[in-house]
Amino acid sequence: MGSKRSLSDTKELADLAAKHARIIESGWTGTNERTFIAVKPDGVQRRLVGEIIRRFERKGFKLVGMKLLQASEEELRQHYGDLREKPFYSGLVKYMSSGPIVAMVWQGLDVVKTARKMLGETNPADSLPGTIRGDYCVEVGRNVIHGSDSVESAQREISLWFKHHELFCWEECNEHWIYA
Ligand SMILES: Nc1ncnc2c1ncn2[C@@H]1O[C@H](COP(=O)(O)OP(=O)(O)OP(=O)(O)O)[C@@H](O)[C@H]1O
């Protein structure tokens with residue numbers, strides 16, 4: 001009895017540490033991945049932040065980082081660099097800098113692809129009811145939410161909007177919280 005650890009306890013702890021290390025290593029790619037989600041200024045103004053968080057939590061994803069911020073034009077230029085030549089680009093930057101956004105990182109199995117499904121199509125008119133854009137907006141230029149379109153975009157966007165120390169590492173926190 002008492003608090004003495006046996007050899008098998010030590011082995012269990014070592015196995016657990018190795019398991020944690022493997023999960024942390026694979027946290028950026030593969031199936032247990034992270035995505036960048038932003039509630040756009042219209043979503044914040046319309047008090048949709050809580051509803052959006054609720055959907056991601058209930059789906060089973062884990063919040064890894066979140067902040068309310070005013071995006072600068074420079075940050076938006078970097079974020080939307082691939083759309084620079086589009087006719088709607090300057091309107092998009094103006095819209096995205098018109099008020100605070102809520103930047104978030106969510107983690108979980110296939111979260112990049114699944115989040116895009118939860119968001120709906122870029123144009124709300126093409127989005128099915130039940131999706132965020134299908135339920136809460138009508139205009140492509142005011143479509144409430146952003147979500148990374150690939151694992152690579154997610155990595156780039158997360159490192160643009162968040163510093164490493166702003167992201168929580170669930171795997172280091174408590175073994176019972178780890179996804180299988
Ligand atoms: N035709 C358009 N007119 C006005 N704004 C547009 C138009 N097309 C796209 N946008 C805006 O630019 C954003 C980025 O467009 P993109 O083609 O990357 O779509 P998306 O990947 O679905 O959107 P997001 O990056 O916001 O998740 C859209 O979410 C929308 O706010």
Side-chain angles (χ1 to χ4, degrees), residues 19-41 43-44 49 52-53 55-57 59-97 100-124 126-128 131-134 137 140-141 143-173 177-180:
K19 183 179 166 197
H20 282 206
R22 279 197 302 278
I23 290 169
I24 290 164
E25 258 172 39
S26 67
W28 289 91
T29 55
T31 51
N32 187 15
E33 60 200 20
R34 289 174 172 184
T35 194
F36 175 71
I37 298 292
V39 184
K40 297 180 176 183
V44 175
V49 176
I52 287 166
I53 291 174
R55 288 186 180 212
F56 277 83
E57 282 189 328
K59 178 68 182 167
F61 294 132
K62 281 183 186 157
L63 186 60
V64 170
M66 179 167 75
K67 55 188 172 185
L68 179 76
L69 62 95
Q70 175 75 48
S72 69
E73 291 201 5
E74 178 51 33
E75 285 168 325
L76 292 168
R77 259 194 294 275
Q78 288 189 48
H79 180 87
Y80 284 123
D82 56 329
L83 300 178
R84 213 174 300 124
E85 305 302 324
K86 299 282 183 192
F88 56 82
Y89 176 75
S90 62
L92 174 62
V93 170
K94 200 168 163 203
Y95 153 54
M96 288 297 292
S97 55
I101 65 170
V102 173
M104 296 183 275
V105 177
W106 287 89
Q107 178 173 326
L109 297 177
D110 290 321
V111 68
V112 173
K113 191 173 73 183
T114 305
R116 293 281 289 191
K117 285 189 185 159
M118 290 166 67
L119 264 58
E121 300 300 320
T122 306
N123 188 344
D126 300 327
S127 300
L128 290 174
T131 63
I132 293 167
R133 287 169 177 160
C137 50
V140 67
N143 62 357
V144 167
I145 187 164
H146 161 82
S148 308
D149 62 7
S150 67
V151 171
E152 293 71 33
S153 303
Q155 290 176 13
R156 186 181 65 77
E157 292 169 4
I158 291 168
S159 56
L160 170 64
W161 294 101
F162 284 89
K163 297 195 168 51
H164 185 71
H165 72 264
E166 293 174 319
L167 300 175
F168 193 77
C169 188
W170 286 103
E171 293 80 1
E172 282 175 353
C173 169
W177 285 87
I178 293 174
Y179 284 114

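- Atom CG of residue Leu63 and atom CD1 of residue Ile37 lie 11.0 Å apart, to the nearest 0.5 angstrom.
- No side-chain heavy atom of Val64 sits under 4.5 Å from any side-chain heavy atom of Trp106.
- Within the model, atoms CG of Leu109 and NZ of Lys59 stand 10.5 Å from one another, a figure rounded to the nearest 0.5 Å.
- One finds the CG atom of Leu119 at 11.0 Å from the CG atom of Asp149 (value rounded to the nearest 0.5 Å).
- Scanning all heavy atoms of the two residues, the minimum distance from Arg116 to Ser148 falls at CD-O, 3.2 Å.
- Taking the side chain to side chain donor-acceptor pair (under 3.5 Å) definition, one finds that Asn123 meets it with nothing, sequence neighbours left out.
- Taking the salt bridge (Lys or Arg N to Asp or Glu O under 4.0 Å) definition, one finds that Glu166 meets it with Lys67, sequence neighbours left out.
- Considering all non-hydrogen atoms of both residues, Thr131 and Ser127 come closest at OG1-CB, 3.6 Å.
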Please list every donor-acceptor pair under 3.5 Å in which a side-chain atom of residues 79-94 meets a protein atom from a residue at least two apart or in another chain.
{"from": "His79", "atom 1": "ND1", "to": "Trp161", "atom 2": "NE1", "distance (Å)": "3.0"}
{"from": "Arg84", "atom 1": "NH2", "to": "Gly81", "atom 2": "O", "distance (Å)": "3.4"}

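- Counting all heavy atoms, side chain and backbone alike, Ile145 lies closest to Arg133 at O-NH2, 2.6 Å.
- Counting heavy atoms from C-beta outward, Ile101 and His146 have side chains that stay 4.5 Å or more apart.
- Of the options Asn143, Val144, Val102, a side-chain contact (heavy atoms from CB on, under 4.5 Å) to Lys40 is made by Asn143 and by none of the others.
- Here the CG-CD distance, from Asp110 to Glu33, works out to 5.5 Å after rounding to the nearest 0.5 Å.
- By the side chain to side chain donor-acceptor pair (under 3.5 Å) test, Glu121 pairs with no residue at all, sequence neighbours left out.
- Here the closest non-hydrogen pair linking Leu167 and Gly65 is CD2-CA, 4.2 Å.
- Taking every heavy atom of both residues into account, Pro124 and Cys137 meet most closely at CB-O, 3.2 Å.
- With sequence neighbours excluded, the residues that form a salt bridge (Lys or Arg N to Asp or Glu O under 4.0 Å) with Arg77 are Glu74.
- Applying the side chain to side chain donor-acceptor pair (under 3.5 Å) test to Ser150 and every residue at least two apart in sequence or in another chain returns Ser153.
- The ring pair (Phe, Tyr, Trp, His ring centres under 6.0 Å) search around Phe162 returns none, not counting sequence neighbours.
- With sequence neighbours excluded, the residues forming a side-chain contact (heavy atoms from CB on, under 4.5 Å) with Pro100 are Val44, Leu68, Gln70, listed by chain and number.
- Between Tyr95 and Leu76 there is no side-chain heavy-atom pair separated by less than 4.5 Å.
- Taking the side chain as every heavy atom from C-beta outward, Phe61 and Arg34 never approach each other to under 4.5 Å.
- In terms of the side-chain contact (heavy atoms from CB on, under 4.5 Å) criterion, Ser159 has no residue partners (sequence neighbours excluded).
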